[in-house]
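Read the structure below first, then the notes.
Sequence positions, counted from 1, serve as the residue numbers for this chain.
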Amino acid sequence: VEDVMFRGGGGRAGADVAGMLRAAVEGCEGDLHDALYANVLLAGGNSMIGGMAERVLADLAPHAPDKKVNVVTRKGRRTSAWVGGSVVASLASFESMWLSRAEYDEAGPSVIHRRCH
């Protein structure tokens with residue numbers, strides 16, 4: 001498994017995979033923590049790295065000793081982000097988030113936050 005993903009970025013605390021997962025779980029309501037730790041699903045291209053699920057489990061479990069931690073992968077995970085994006089893009093409500101190149105050029109990146117939030 002690529003160690004750089006588990007050492008953190010630039011020495012920042014919590015910038016590693018397990019740290020980001022912990023921050024995501026801890027950012028949710030407390031009554032959801034057990035379910036979230038028990039249902040960690042890896043998807044996308046990096047989840048294809050051999051031993052990834054085992055490494056995430058080994059790094060995450062010690063930080064949640066009172067929780068059942070379960071890390072899984074699914075078949076088709078290599079393209080799951082693309083499939084999810086295509087589903088969202090097909091929703092009628094997604095059209096209201098579209099913007100033209102001219103709108104982006106005029107307002108800059110901040111237009112995305114104004115339009116989509």
Side-chain angles (χ1 to χ4, degrees):
V1 177
E2 300 298 323
D3 249 12
V4 70
M5 293 174 19
F6 295 94
R7 287 191 310 244
R12 294 178 310 199
D16 57 303
V17 172
M20 289 186 280
L21 285 167
R22 283 193 319 274
V25 170
E26 299 301 323
C28 295
E29 294 181 24
D31 61 333
L32 297 175
H33 292 187
D34 287 347
L36 293 172
Y37 276 117
N39 294 287
V40 176
L41 174 66
L42 301 181
N46 284 343
S47 70
M48 302 298 292
I49 297 170
M52 182 72 160
E54 294 81 5
R55 177 69 187 266
V56 171
L57 178 60
D59 285 7
L60 186 59
H63 296 284
D66 59 330
K67 309 284 187 212
K68 176 187 181 278
V69 179
N70 187 38
V71 179
V72 297
T73 58
R74 297 281 188 249
K75 199 173 186 178
R77 65 188 181 272
R78 191 175 114 220
T79 57
S80 59
W82 185 89
V83 170
S86 70
V87 169
V88 170
S90 69
L91 298 173
S93 60
F94 186 68
E95 190 172 338
S96 67
M97 294 182 231
W98 294 357
L99 59 122
S100 69
R101 177 64 189 227
E103 289 174 291
Y104 183 86
D105 288 344
E106 181 180 320
S110 65
V111 71
I112 296 168
H113 298 289
R114 288 195 305 271
R115 179 72 58 89
C116 298
H117 291 277

Q. Does Val40 reach the side chain of Leu21, with side-chain heavy atoms less than 4.5 Å apart?
A. yes

In terms of heavy-atom contacts, Ser93 and Ser96 come closest through O-OG, 2.9 Å

Heavy-atom nearest pair, Ser90 first then Val87, reads OG-O, 2.7 Å

Any donor-acceptor pair under 3.5 Å from Arg22 side chain to His63 backbone: no

In this structure, OH of Tyr37 is separated from CD of Glu26 (nearest 0.5 Å) by 4.0 Å

Within one Ile-Leu-Val-Met-Phe-Trp-Tyr cluster: Ile49 and Leu60, side-chain cutoff 4.5 Å:
yes

Rounded to the nearest 0.5 angstrom, the CZ-OH distance for Arg101 and Tyr104 is 7.5 Å

| Step by step, would you call Met52 with Leu42 a side chain to side chain contact (heavy atoms under 4.5 Å, CB included)? | CA-CA 9 Å; Met52 182 72 160; Leu42 301 181; 3.8 Å; yes

Subject >> Shared hydrophobic cluster for Trp82 and Leu91 (ILVMFWY, side-chain gaps under 4.5 Å) >> reply: no

To the nearest 0.5 Å, atom CG of Leu36 lies from atom CG of Leu41 at 12.0 Å

Distance col, row Leu99:CG vs Glu106:CD, nearest 0.5 angstrom, shows 11.5 Å

Residues His33 and Cys28: closest non-hydrogen pair is NE2-O, 3.0 Å

TODO: In plain terms, say whether Lys67 and Asp34 are close enough for a salt bridge, that is, a side-chain N and a carboxylate O under 4.0 Å apart.
DONE: yes

On a heavy-atom basis, the closest approach of Thr73 and Ala53 is CG2-CB, 4.2 Å

Minimal heavy-atom distance between Ser80 and Ala43, with the atoms involved, is OG-CB, 3.2 Å

